[in-house]
Amino acid sequence: MKNILTYPFVLLIKGYQLFISPLLPSSCRYTPSCSHYAVQALQTHGLLKGGWLAAKRIASCNPWGGSGYDSVPPKNK
């Protein structure tokens with residue numbers, strides 16, 4: 001994990017995936033799903049940039065947004 005600050009947010013998302021997501025119909029237009037994307041973005045880029053990437057992705061997951069395969073961009077060295 002990038003740092004300790006991302007851990008609570010990843011834990012919240014994992015809780016959503018485990019307890020809430022199974023109760024809802026599948027509606028994500030992307031692969032990987034928005035919640036999996038958010039976890040990967042947080043773990044790769046940290047809280048600020050990863051959170052920003054996740055928020056942008058979730059905002060675009062609507063009928064007028066994109067769809068298809070969309071991976072987390074690699075970290076610049």
query = Tell me, which pairs form a side chain to side chain donor-acceptor pair (under 3.5 Å) where one or both residues lie in residues 20-29, sequence neighbours left out?
reply = none
query = Got a sec, which residues hit side-chain hydrogen bond (donor to acceptor under 3.5 Å, both in side chains) with T31, two or more places apart in sequence or on another chain?
reply = none
remark   = What one should report as the nearest heavy-atom pair of Q17 and H36 is NE2-N, 3.5 Å
query = Between Y30 and S60, what is the shortest heavy-atom contact and its length?
reply = OH-OG, 3.0 Å
remark   = Output for pair (S33 OG, D70 CG), nearest 0.5 Å, gives 11.5 Å
query = Got a second to check how far L53's CG is from T44's OG1, nearest 0.5 Å?
reply = 9.5 Å
request  = Output all residues satisfying side-chain contact (heavy atoms from CB on, under 4.5 Å) with L24, sequence neighbours left out; order by chain, then residue number.
outcome  = Y16, I20
message = Can you confirm whether H45 sits close enough to V72 that some side-chain heavy atom of one is under 4.5 Å from a side-chain heavy atom of the other?
response = yes
key: hydrophobic_cluster_shared for I13 and L5, side chain cutoff 4.5 Å   = yes
task = Check Y37 against P73 and note the closest heavy-atom contact, atom names and distance.
result = OH-CD, 3.8 Å
message = I need the L42 CG to L48 CG distance, nearest 0.5 Å.
response = 10.0 Å
